[in-house]
Participant: 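To start, I am sharing the structure in question, which I have written as structure tokens.
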Amino acid sequence: MSVIISCEHATYNIPADYQYLFNGQQRVLASHRGWDPGASELATRIARKLKVPCHKGKVSRLLIDLNRSSFNRQRFSAYTNALDKQTKSAIIARYYQPYRDRIVQQVAQLAAQQKPVVHFSIHSFTPVLNGNKRNADIGLLYDPARRREKALAKLLGRALSEQFPGTRIRYNYPYRGTADGMTSYLRKHFSASTYLGIEIEVNQQHIIGKDKLWRDLKSGLGDYIGKTLSKIHQSN
């Protein structure tokens, strides 16, 4: 198996040309609305442990959301949706399309080696959204119709449950694994035998609090993923 890591919401950076759109909005940018706190660091550590490529977004999701498809109305935020067509096209051409194209191209190159490509998209989620508390510590998202994705997610979930007793690990939560995102986008390009996409979501309460679970995930999640992939490989 070949493995790649991605992190679409790695930063809340706004390029200089567009900072005028966010004057006085630094607090919003630094919140969960502007990025996924902790996700970039976790993605980097996993990639280093597994010695695999890591793709990370370079702009805030409030400029353009790299995890949303072109048909998704939420690709541009309330701060950028009213921009003229030419400005939007420039943002797409400079930041959005190259990022997505690089990942598609790399999956295609790895798939050409006749090995399944496993993609982990790393995210974090706010503990409370719209007044509703999220009841999970870790979410593992996958497409239930893809048998190998489901098996991989369940095996990784069991490994994490054994390592962290009492941790709330939920599947296809806090979002559906088939909802619009980088993994669902790639499933449209590659068959179930070629591509397995798993989105890993970590509750930001652990990241903000810098608690033991977060420290252990940073130091050990790459190992747990590696061992899980080895089990999958041995069973095939």
Side-chain angles (χ1 to χ4, degrees), residues 1-11 35-58 66-67 99 102-103 106-107 109-111 113 115-125 136-142 146 148-175 177 181-183 186 195-236:
M1 288 183 175
S2 299
V3 179
I4 67 167
I5 308 297
S6 76
C7 182
E8 286 66 50
H9 302 146
T11 180
W35 69 318
D36 282 0
S40 175
E41 183 179 5
L42 187 59
T44 297
R45 285 177 176 247
I46 294 169
R48 285 177 180 170
K49 178 66 69 171
L50 300 178
K51 298 180 180 179
V52 299
C54 183
H55 300 268
K56 297 198 291 186
K58 296 181 180 180
L66 304 178
N67 201 42
Y99 177 83
R102 280 194 299 271
I103 295 179
Q106 180 151 67
V107 174
Q109 290 169 358
L110 293 171
Q113 301 173 13
K115 295 180 181 179
V117 179
V118 182
H119 168 217
F120 293 98
S121 178
I122 310 302
H123 295 261
S124 66
F125 62 95
D137 299 304
I138 300 171
L140 299 176
L141 282 55
Y142 62 92
R146 293 201 170 201
R148 298 176 77 185
E149 275 190 15
K150 180 177 180 179
L152 175 56
K154 296 290 186 180
L155 197 59
L156 178 58
R158 286 196 292 271
L160 294 176
S161 293
E162 292 172 1
Q163 188 67 33
F164 307 116
T167 300
R168 299 167 299 174
I169 298 170
R170 296 185 64 176
Y171 301 96
N172 287 331
Y173 182 92
Y175 311 103
M182 199 68 207
T183 53
L186 289 166
Y195 171 82
L196 289 76
I198 304 293
E199 188 173 318
I200 299 177
E201 293 269 1
V202 179
N203 192 317
Q204 291 169 12
Q205 70 179 17
H206 302 294
I207 299 167
I208 294 169
K210 298 180 180 180
D211 63 14
K212 185 177 185 302
L213 177 60
W214 175 236
R215 295 194 301 271
D216 289 345
L217 284 173
K218 287 193 296 181
S219 64
L221 185 53
D223 287 326
Y224 310 140
I225 289 174
K227 291 175 183 178
T228 300
L229 292 174
S230 294
K231 289 181 180 179
I232 291 283
H233 180 71
Q234 293 169 5
S235 65
N236 291 335

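All residue numbers refer to positions in the sequence shown, counting from 1. All values below come from the heavy atoms of this structure, side chains included, with hydrogens, waters and symmetry mates left out.
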Participant: Look up atom CD1 in I200 and atom CD1 in I225, then write down how far apart they are to the nearest 0.5 Å.
Facilitator: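 One finds 4.0 Å between CD1 of I200 and CD1 of I225.
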Participant: With a 4.5 Å limit on heavy-atom distance, are the side chains of T183 and Y142 in contact?
Facilitator: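 No; the side chains remain at least 4.5 Å from each other.
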Participant: Is there a side-chain contact between L66 and M182 (heavy atoms, below 4.5 Å)?
Facilitator: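 Answer no - side chains too far apart.
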Participant: Just how far is it from atom OG1 of T11 to atom CG of D36, taken to the nearest 0.5 Å?
Facilitator: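 Rounded to the nearest 0.5 Å, the OG1-CG separation comes out at 11.0 Å.
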Participant: Between CD of E8 and NE2 of H55, what distance do you get to the nearest 0.5 Å?
Facilitator: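 Taking CD in E8 and NE2 in H55, the distance rounds to 10.0 Å.
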Participant: Evaluate side-chain hydrogen bond (donor to acceptor under 3.5 Å, both in side chains) for E201 paired with Y175, printing each intermediate quantity in order.
Facilitator: CA-CA 9 Å; E201 293 269 1; Y175 311 103; 5.3 Å; no
Participant: Quick one: pull up CZ in F164 and NZ in K212 and give me the separation to the nearest 0.5 Å.
Facilitator: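 Reported value, rounded in 0.5 Å steps: 7.0 Å.
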Participant: Does any non-hydrogen side-chain atom of F125 lie less than 4.5 Å from one of V202?
Facilitator: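 When only atoms from C-beta onward are counted, F125 and V202 do not touch, as no gap falls below 4.5 Å.
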Participant: Under a 4.5 Å cut-off applied to non-hydrogen side-chain atoms, are W214 and E41 in contact?
Facilitator: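 In contact.
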Participant: Ignoring hydrogens and angles, tell me if any N or O in the side chain of R48 forms a donor-acceptor pair with the backbone of G222 under 3.5 Å.
Facilitator: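 Not a single qualifying donor-acceptor pair exists.
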Participant: For a 4.5 angstrom cut-off between non-hydrogen side-chain atoms, does L141 reach H123?
Facilitator: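 Heavy-atom side-chain distance check fails, nothing below 4.5 Å.
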Participant: In Å, rounded to the nearest 0.5 Å, how long is the span from CG of L140 to OH of Y173?
Facilitator: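 Rounded to the nearest 0.5 Å, the CG-OH separation comes out at 13.5 Å.
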Participant: With distance as the sole test, does S124 use its side chain to make a donor-acceptor pair with the main-chain N or O of P37 at under 3.5 Å?
Facilitator: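 Answer holds: yes.
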Participant: Within the 4.5 Å heavy-atom criterion, are K58 and Y99 side-chain neighbours or not?
Facilitator: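 No - every pair of side-chain heavy atoms lies 4.5 Å or more apart.
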Participant: Looking only at side-chain N and O atoms, does H119 offer a donor or acceptor that is under 3.5 Å from a partner on S121?
Facilitator: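 No.
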Participant: Working to the nearest 0.5 angstrom, can you tell me the gap between D211 CG and D216 CG?
Facilitator: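 Rounded to the nearest 0.5 Å, the CG-CG separation comes out at 9.0 Å.
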Participant: With a 4.5 Å heavy-atom cut-off, do F120 and L152 have their side chains touching?
Facilitator: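 Yes, their side chains come closer than 4.5 Å.
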Participant: Do I122 and I5 come close enough that some side-chain heavy atom pair is under 4.5 Å?
Facilitator: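 I122 vs I5: side chains touch.
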Participant: Starting from the C-alpha separation in whole Å, work towards a yes-or-no answer on side-chain contact (heavy atoms from CB on, under 4.5 Å) for R146 and Y195.
Facilitator: CA-CA 10 Å; R146 293 201 170 201; Y195 171 82; 4.0 Å; yes
Participant: Among R45, H9, K56, which residue satisfies the side chain to side chain donor-acceptor pair (under 3.5 Å) criterion with S40?
Facilitator: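 Among the candidates, only K56 passes.
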